[in-house]
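Down below is the structure, laid out as C-alpha cells.
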Amino acid sequence: MIRLYNTLTRKKEELQTIDPGVVKMYVCGPTVYNDAHVGHAMSSLVFDIIRRYLQYRGYDVQHVMNYTDVDDKIIRRANEMGIDPFALSRKYIQDFDQNLDDLNILPATAKPQVSKTMPQIISFVEGLIQRGYAYPAPNGDVYFRVTKDEDYGKLSARKLDDMQAGARIEVEEQKEHPMDFALWKAAKPGEPFWDSPWGQGRPGWHIECSAMNLHELGEQIDIHGGGNDLIFPHHENEIAQTESYTGKPFARYWMHNGMLQLGGEKMSKSLGNIVSIKEFLEKRDSDVMRMLVLNGSYRAPLIFNEETLDAAEKGLERIKSALRPATATGADSTAEAAASLPATIQTVQTAFTEAMDDDFNSAGALGAIFDFVRAINSARDAGATQAQMQPAQDLLRTLTGVFGLRLAAKSGTGDADKFIDLLLEVRAEVRKQKLWALSDLIRDRLKENGVSVEDGKQGSAWRYL
RNA sequence: GGCGACGUCGCCAAGUGGUAAGGCAAGGGUCUGCAAAACCCUUAUUCAUGGGUUCGAAUCCCAUCGUCGCCUCCA
C-alpha cells in the first residue's frame, strides 16, 4: 500500500487510482525561454523517481508534462533577441529534452505544448463563459469569476478576503473582482495571436494546463505535481477552472516538491542566482544531482552547495564499491562467507519498499541501500565467490535502478586502457623486484591523470576517478 | 500584515507516542612494502527554547525564538 502526502488535504493518504493499475500523472513543465536550472532538475528528478517507483510497484504510469511555449516572457526575450518567439521556444524545448535525457529522466508519455492546444483552450474558455464562471471584458480579455467558485482557495488554504488584504494586487478596472484572473488576453501590437470568439489574443497562464489535462488525461486525474511555488496561484486556478468546467473533483492527489536552496535562498530566475543544468553537468555526473535529491525529502527544501554535492558524490562511490566483482576464487571460498546474504536480500527488499511506500521516503530507502552495500562488501572481504555475490549485486542494481541511478563506471576519453594495462604489467614486475619508489611513482602519476591504482592480493586493479 | 512549512551529531538527513537509521567528515584498528579501497570500532542519555498532556514525547498541545516559502513571473 502506497501512501502519499496530499497538499489538498495536508495529510498522507493511501493511493487509490481511478483506474486500477493505472496512474494518471500530470506534472507542470517549464516555460521555455531560457536555460533550465538545477531547480528544474530537482523537480523533474523528484517526479521521475516517483514515476519509476510506481512502475516498479506495477502501475502503468501515464505521465504528462507540458511545455509553456506561449508566454509574456518568451515574447519579451524573443523581441530582445530579434527572433521569432516560436523559434526561441523551439530551441529551449529541445534543450530541455536534452537536459532530461542527460539526467536519465524518463521522457513523459505525452508532452503537449500550448501552441498546439489552442482549439481545446478556446473551447474550454467558452465552456466556462457558458456556465457563468467567466466573462469577457470590454478590452477583449476574458476573466475567471472567482466569486462564483465557492471553494476557491482550497488548495492553498487561503480565503478571498485574506488575499485582498495583501493588497499587492494591481486592480484592473476590467475585472469584477481583484482576484479574477485572465483566461484569455487580448493581443497587443506585435505579439503572436490566435483568433477567438473574443478577438485576437492568447491564453492566460493557467488555462493551458486545465485544457491539456482534459485533452490528454480526461476530466479526472490521479496525481498532479509541480514545485510548491506553483500552489498559488497556478494550481489553485487550475483547480478552479477544471472543476468549474467539469463539475467533478479534478486531481485526487496534489504533490509538490520543495525548493532547491542555493546559498540559503530559493534559486529563481528573478533573483538571478542560477546554476543551469548544463553548467552543473559540465562539473558533476548526473547521478550526483539525483543522489542529492534521493538523500533528502522531496517535500523539504534541498540544500545545494559544494559540501552536500561532495557528500553525494562520495556516497555514490560507496554504492559502486559494492558492485565490484568478487576477489575470491572457487577454491578458497567458504559457505560461511556469503551465508548471511540471502537473509540480507530479504531485509533490504522489505526495508526499501516500506520506506518508499511511505510517501516516497527515498532517504529512508537509501539507508537500506547503504546497509546492503556494507553486507555485500563484507561478504566479498570474507571470501565470497562471484556466484555467491551475484544475486545480491543484481538486487542492488535493481533497486538503484528504481532510483534512476546509472552507477556507470567512469571511462576514459580515448583508448588509453590498453596502455594503462601495459603500465600496470610493467609495474607488477617492478614490484616483484621491490623497487617501491618507482612503483609508487607510477601509481602517483597515474592518479594525477585520473586513474586510481589499487593493489590487492590477486594483483593490482585500476579504475578511472 | 495574511497564509503555510520547518528547526534531530561538525555538515546532509530518516524517524510523527515506546525509548535516536543512513551518508559525508573526524579519530582508532585490520589489510598493505607504503598507500588506496573495503571491513571493524568510536563519535547525539539527546532531538531550537520554555511550559503542558501521558505510565511513556524528537514525535501530541500551548507559548517564545529562529529559518524558509507563498501572497507578483517562478519547478
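Proteins come first, then strands; the chains are lettered A, B, ... in the order of their sequence lines, and each starts at number 1. Since this is a predicted model, take the numbers as computed values, not measurements.
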| query | Below 3.5 Å, does any donor atom in the side chain of A/D455 face an acceptor in the base of B/C34, or the other way round? | reply | yes
| query | A/M42 or A/N228: which one's nearest nucleotide on RNA chain B is closer to the 5' end? | reply | A/N228
| said: Without decimals, in angstroms, what is the distance between A/K154 NZ and B/C71 C1'? | reply: 20 Å
| Start at the 5' end of RNA chain B and walk down; is the nucleotide closest to A/P301 or to A/I231 reached first? | A/P301
| P atom, B/U59 versus B/G17: distance in rounded Å? | 11 Å
| message | Considering every strand and a 4.0 Å limit on heavy-atom distances, what is the contact class for A/G456: base, sugar-phosphate, or nothing? | response | nothing
| task | Classify the ring geometry between A/Y26 and A/H224 as parallel (under 30°), tilted (30 to 60°) or perpendicular (over 60°). | result | tilted
| query | Considering only B/A13, B/C40, B/G33, which nucleotide approaches the side chain of A/S439 most closely? | reply | B/G33
| query | What does A/S44 touch in the nucleic acid at a heavy-atom separation under 4.0 angstrom: a base, only the sugar-phosphate, or nothing? | reply | nothing
| request: Would you kindly say whether A/N377 and A/R374 are connected by a side-chain donor-acceptor distance under 3.5 Å? | output: no
| request: State which of B/A75, B/G2, B/A38 makes the closest approach to the side chain of A/R158. | output: B/G2
| field | Partner set under ring-ring contact (aromatic ring centres under 6.0 Å, His included) for A/F193, not counting sequence neighbours | value | none
| message | If the condition is ring-ring contact (aromatic ring centres under 6.0 Å, His included), which residues does A/Y53 pass it with, not counting sequence neighbours? | response | A/Y56
| task | Describe the nucleic acid contact of A/V453 in one word from base, sugar-phosphate, nothing, applying a heavy-atom distance below 4.0 Å. | result | base
| field | Polar pair under 3.5 Å, donor/acceptor by atom type, side chain A/R443, base B/C34 | value | yes
| field | RNA chain B-proximal residues of residues 429-438 of chain A, any heavy atom under 4.0 Å | value | A/R431, A/W436
| message | Ring-plane angle category for A/H206 and A/F181, please: parallel below 30°, perpendicular beyond 60°, tilted otherwise. | response | perpendicular
| Once each nucleotide of nucleotides 16-27 of chain B is scored for protein heavy atoms under 4.0 Å, what B/S/- sequence comes out, 5' to 3'? | -----BBSSS--
| Within residues 385-406 of chain A or reaching into it, pairs that qualify as ring-ring contact (aromatic ring centres under 6.0 Å, His included) - sequence neighbours excluded | A/F352-A/F403
| query | Can a donor-acceptor pair be found between the side chains of A/S378 and A/D381 at a distance below 3.5 Å? | reply | no
| remark: Using Watson-Crick geometry (N1-N3 plus N6-O4 or O6-N4) or G-U wobble (N1-O2, O6-N3), each under 3.5 Å, B/A58 is paired with none
| query | Of A/V70, A/I121, A/N213, which is the lone residue that meets side-chain contact (heavy atoms from CB on, under 4.5 Å) with A/E208? | reply | A/I121
| message | Can you check the distance between B/C68 and B/A13, where both ends of the measurement are the P atom (answer in whole Å)? | response | 15 Å
| note | Which of B/C12, B/A75, B/A38 is nearest the side chain of A/S321? It is B/A38
| message | List the residues meeting salt bridge (charged side-chain N to carboxylate O under 4.0 Å, His left out) with A/D455, not counting sequence neighbours, and say none if there are none. | response | A/R427, A/R431, A/R443
| query | B/A14 and B/G50: how far apart are their P atoms, nearest whole angstrom? | reply | 24 Å
| task | Begin from the C-alpha positions of A/F372 and A/I345 and carry the test side chain to side chain contact (heavy atoms under 4.5 Å, CB included) through to its verdict. | result | CA-CA 8 Å; A/F372 196 29; A/I345 283 173; 4.0 Å; yes
| Taking OP1 and OP2 of B/A75, is either one under 4.0 Å from a side-chain nitrogen or oxygen of A/N257? | no
| note | Of the listed B/C73, B/A75, B/C39, the closest approach to the A/D381 side chain comes from B/C39
| B/G4 and B/C61: how far apart are their P atoms, nearest whole angstrom? | 14 Å
| Pairwise P distance for B/C24 and B/A37, with rounding to whole Å | 11 Å
| task | Check A/Y298 against A/V46 and note the closest heavy-atom contact, atom names and distance. | result | CB-CG1, 3.7 Å
| query | So which nucleotide from B/C12, B/G69, B/A37 ends up closest to the side chain of A/E454? | reply | B/A37
| request: Between B/U8 and B/U45, how far apart are the C1' atoms? Round to whole Å, please. | output: 14 Å
| query | Using purine N1 to pyrimidine N3 plus N6-O4 or O6-N4 for Watson-Crick, or N1-O2 and O6-N3 for G-U wobble, both under 3.5 Å, which nucleotide pairs with B/C3? | reply | B/G69
